[in-house]
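Take a look at the structure set out below.
Residues take their numbers from the sequence shown, with the count starting at 1. Quantities reported herein were computed from a predicted structural model and do not represent experimental measurements.
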Amino acid sequence: MRLIDLRSDTVTRPTPEMRRAMYEAEVGDDVYGEDPTVNRLQERAAELLGKEDALFVPTGTQGNQVAVLTHTRRGEEVIVEAEAHVYIYEVAGIAALSGCQVKPVPGVNGAMDPEAVAAAIRDDNVHYPRTGLVCVENTHNRSGGCVVPTENIAAVAGAAHRRGIPVHMDGARIFNAAVALGRPAAELVAPVDSVMFCLSKGLAAPVGSLLVGSRDFIAEARRHRKLLGGGMRQAGVLAAAGLVALELMIDRLADDHANARRLAEGINEIPGLAVDMATVQTNMVLTEVTDPRWTAPALVQALREEGVLCNATGPQHIRLVTHKDVTAADVEIALATIDQVVKAGPQ
């Protein structure tokens, strides 16, 4: 039985062009700055995002945590959106690694109210921690891949910058946002000081993320990458796939978005399931299980047994993610399977 894997876009497999590039990659020791393929990838990433420099890191989580380490000092406070990946899913890294505490600000589909961010910034008082950083996220994972409006990010960044506080963007899927809006990624990240984006999600590279920012910021970030074990030596073998991802895989993200919309529309036609179509903006579909016979974990398990993989995100919610290894035909098969399983009820 062929599995249709809708758990995440992290399950994408490298393309033949990536495998070929990895095999042929010219390499050197990246810790010495001597890997030519890594250097080309970093230059291209900085160019695409309109920043001065970039740093290749193994994972998005490491990229975010290196950014926090570089921007902050121990004992400071980091303002984040209350459902942010850097807060929910990164193993308390802000506390464990940077020695900072988190101040969550509730948002709507990932967008924080700029006035609420301004109010959350600490006054100069001996009793308070200093606010060291504001973090934003685009697209926003927990809201189902919603695109945070650039105008909102600019307003949040303005509130921080007026107080001399830097802003970091978790842009793991920033190219999904750029494709959805039809705007260059550089425009979307212009208001912020640093950005992390992933190569290994919708862009389908096997490993790697980039942290981008000013030259001085990246120079210091390189030290923190080394501290966290991210000095990968002949990393050009991996960077080669990342170069292919940036050249060939960005524009095709529109196919994933179209497949996600079709998937969401089809799910909405199945009694017992519901999708808020306003949140289907990129490649994720958050589904509420309204059939009282089912819990989300039970339905996920029943679908797995029929060859459709997805993840429960709560007692009554399921997330499905489209990517390059899920075709339009796969979406139709998945919909038919979901319809059949939901109607049949728990066995």
Side-chain angles (χ1 to χ4, degrees), residues 49 51-55 57 60-108 110-138 140-142 148 150-172 189-197 211-228 230:
L49 270 69
K51 304 296 184 186
E52 291 179 345
D53 205 353
L55 182 68
V57 294
T61 293
Q62 185 176 105
N64 281 335
Q65 295 304 323
V66 165
V68 176
L69 272 165
T70 305
H71 281 303
T72 64
R73 298 173 59 188
R74 296 185 68 82
E76 291 185 333
E77 190 167 67
V78 178
I79 295 173
V80 304
E81 196 276 331
E83 297 291 319
H85 189 284
V86 72
Y87 175 47
I88 302 290
Y89 293 121
E90 298 188 11
V91 206
I94 291 174
L97 301 172
S98 295
C100 294
Q101 72 179 23
V102 170
K103 187 167 190 175
V105 172
V108 177
M112 294 181 284
D113 181 343
E115 292 184 4
V117 172
I121 295 172
R122 298 285 189 166
D123 293 329
D124 187 10
N125 185 307
V126 70
H127 299 89
Y128 299 157
R130 292 188 177 95
T131 301
L133 180 65
V134 174
C135 290
V136 295
E137 182 179 334
N138 200 16
H140 190 264
N141 188 326
R142 292 272 292 180
V148 179
T150 304
E151 296 74 17
N152 173 264
I153 289 173
V156 167
H161 289 157
R162 283 190 291 274
R163 299 287 295 274
I165 297 163
V167 180
H168 170 68
M169 177 186 288
D170 175 354
V189 307
V192 305
D193 301 283
S194 61
V195 188
M196 181 284 298
F197 72 88
L211 180 62
V212 301
S214 70
R215 287 189 181 86
D216 288 345
F217 171 82
I218 293 299
E220 187 64 15
R222 187 177 294 276
R223 295 175 61 87
H224 289 128
R225 184 187 70 170
K226 181 64 176 171
L227 171 67
L228 298 184

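In the displayed structure, R73 atom CZ is contacted under 6.0 Å by at most 12 heavy atoms of other residues, nucleotides or ligands.
Judged by distance alone, the side chain of D113 and the main-chain N or O of E115 form a donor-acceptor pair under 3.5 Å. Of the possible polar contacts, none joining the D193 side chain to the H168 backbone as a donor-acceptor pair under 3.5 Å is found. Under the 3.5 Å distance criterion, the side-chain polar atoms of D170 are matched with a main-chain donor or acceptor of A172. Judged by distance alone, the side chain of E220 and the main-chain N or O of T70 form no donor-acceptor pair under 3.5 Å. With hydrogens and angles ignored, the 3.5 Å screen pairs a side-chain donor or acceptor of Q65 with a backbone N or O of I94.
The two residues F217 and A67 come nearest to each other via the heavy atoms CZ-CA, 4.0 Å. I121 and A160 get closest at one heavy-atom pair: CD1-CA, 4.1 Å.
Within the model, atoms CZ of R225 and CG of L69 stand 14.0 Å from one another, a figure rounded to the nearest 0.5 Å. Summarising the geometry, atom NZ belonging to K51 is positioned 9.0 Å from atom OG belonging to S214; distances are rounded to the nearest 0.5 Å. Distance check: L211 CG to M169 CE gives 13.0 Å after rounding to the nearest 0.5 Å.
Between H85 and E90 there is a side-chain heavy-atom pair separated by less than 4.5 Å. Using a 4.5 Å heavy-atom threshold, the side chains of R122 and K103 count as touching. Contact annotation: the side chain of V156 approaches that of N152 to within less than 4.5 Å [non-hydrogen atoms, C-beta and beyond]. Looking only at side-chain heavy atoms (C-beta outward), V136 and V148 stay at 4.5 Å or farther from each other.
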